[in-house]
A.B. asks: 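What follows is a single structure, and I will ask about it in a moment.
Per chain, numbering begins at 1; letters A, B, ... match sequence-line order.
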Amino acid sequence: VTARVLDGPPPAAGAESLDDHQARLGDLPGRTERAHLIRTLDAAGLLGRGGAGFPVGRKWGSVAERAKGHAVVLANGAEGEPLSHKDRVLMASRPHLVLDGLELAAEAVGARRAILYVGSEHAQARAALERALDERSAARSRSLPRVPTTIAAPPVSYIAGEESAAVHFVNSGDPRPTTVPPRPFEKGVGGRPTLVQNVESLAHAALIARFGDAWYREAGRAETPGTALVTVTGGSRPGVLEIDLGTTIGELAQWAGVTAGEGSPVLLGGYFGGLIAGADAWRLPLDPAILRRNGTAFGAGVVAFMGDEACGVTTTARIMDYMAGSSAAQCGPCVFGLRAVADASARIATGQAHQDDLTRLRGWSQSIAGRGACRLPDGTTGLLASSLRVYEADWASHQHHRRCLVRHGMARATA
Amino acid sequence: MSLRRALDSGQRLEIDRIACDAYGTCAELLPEGIDLDEWGYPIIAPGNVPLHLVDLAKRAVDACPVLALRLVKAQAPVAVAVLPPVPSLAARPDRMGGTPPWPPRPANKAPKRRTDQRRRG
């Protein structure tokens, strides 16, 4: 456990004021140093924290080269992932760090307009950001040029945070993904090149602007440098933590007070992520590059310990139902495919499986991905595929014997 | 199966998934490269369209009632070459071992197939 973006007073103490923020971190560097910010971000190796892990410097660069001074920046704090809390905690406790990042981004890419995109369920975060914006306009002695900033609050929705959905909502009030290309960095808000960047990424960028890329790279224990916010559940101390990237899953389990046996299944990345299990899995470092090589993903930093007592089939069926209900109902393979997946999972979980349900689930876990405008079908079937692997015996017992291994107290062999 | 290489057209098929309404015309006109799932939505064979099928692919594009199909320039060269069966097709019980995508042009045949000789789906 470390402290960079969450350095300072504990997040539970509420929003840090502008004065406290300035006193703690000092001013941003001057204009000449800021002119190199995109290169500094590249050198730091900062990866986006919204889930996809795209390099931040490269993203800013691709907007900057199209902007001609007319770009838009959008801070993405939609956080629709049910298992993630890190963005709302960050926005509610460090609003000025997020706004520093947003203004730096606007200057670096050449934007005249900034949008704070905050899920309407995150009331505390929105209040903190509104107050912070007022504080900043009252105290304008700072070096950074002011960017007109508005707040947009999409309705509660899993997919509202997808970047084309965010742009769509700001443009027309409809938080559903659109067909890409054109991607937001080509044609986004008001038809202008738009940088959509997760709020945590912006907070890290604000620190890198102050302390440099070498400082950023001092943190991190494996391949990917830096620290990251994670949301941990399944232990006696659930919540949002900042970790050095490369911290192992086992270490995190200790900090979070997880009592489930070592090697018990863990859901990484959220409903969009994947399940892993086994002692080897618990030794894996939480590092985007290493996790990807091991067939899983860091995503938005969700680490949910599933425990030994919960039936993985039932949990998976519930998630599949949630995801099917989250479909924007625009693309056929998603509308029909995810509903079929959810229904078959529910039948298997409740001991009412049709004869070929499990076989069909296996097929759908491979055949639906990549066939939607956004990646909801990919994320959902990816999780399904990992569940079919990790809980293989449970699925088989539910399907063939209509019997839950957990409820019948039978030992589960974890992969 | 044959390992002969098909000539790469440098183009690939792209679907506007939001616009697509499962008319299925594309799969009927280009069964070599487009299959339908159980709800009638297209599954496109991976890789680029082989050169000898480009004309047929264009016809499929033009015939889509909702203009959801496009033939676009491939960004990076993608091998069209060796053509294993698409796992998603093979895994489906109703099409066990389904036809491989983009079959190479049969040997000793005229390079351009006449459309009236096409097998109807």
A.B. asks: Look up atom OH in Tyr41(B) and atom OG in Ser367(A), then write down how far apart they are to the nearest 0.5 Å.
C.D. replies: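 Interatomic distance, Tyr41(B) OH to Ser367(A) OG, rounded to 0.5 Å: 14.5 Å.
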A.B. asks: Could you tell me whether Glu392(A) atom CD has more than 12 heavy atoms of other residues or ligands within 6.0 Å of it?
C.D. replies: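 For Glu392(A), atom CD is not crowded (no more than 12 foreign heavy atoms under 6.0 Å).
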A.B. asks: With chain B, which of Pro333(A), Ala373(A), Gly370(A) has the greatest number of heavy-atom pairs at distances under 4.5 Å?
C.D. replies: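 Answer, by heavy-atom pair count under 4.5 Å with chain B: Pro333(A).
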A.B. asks: State, yes or no, whether a side-chain contact exists between Arg17(B) and Arg371(A) at a heavy-atom distance under 4.5 Å.
C.D. replies: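 Yes, side chains in contact.
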A.B. asks: Are the side chains of Ile18(B) and Arg176(A) in touch, meaning some heavy atoms are under 4.5 Å apart?
C.D. replies: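 Ile18(B) vs Arg176(A): side chains apart.
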A.B. asks: With a 4.5 Å cut-off on heavy-atom pairs, point out which of Gly337(A), Ser365(A), Ala328(A) contacts chain B the most.
C.D. replies: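 Ranked by contacts with chain B, first place is Gly337(A).
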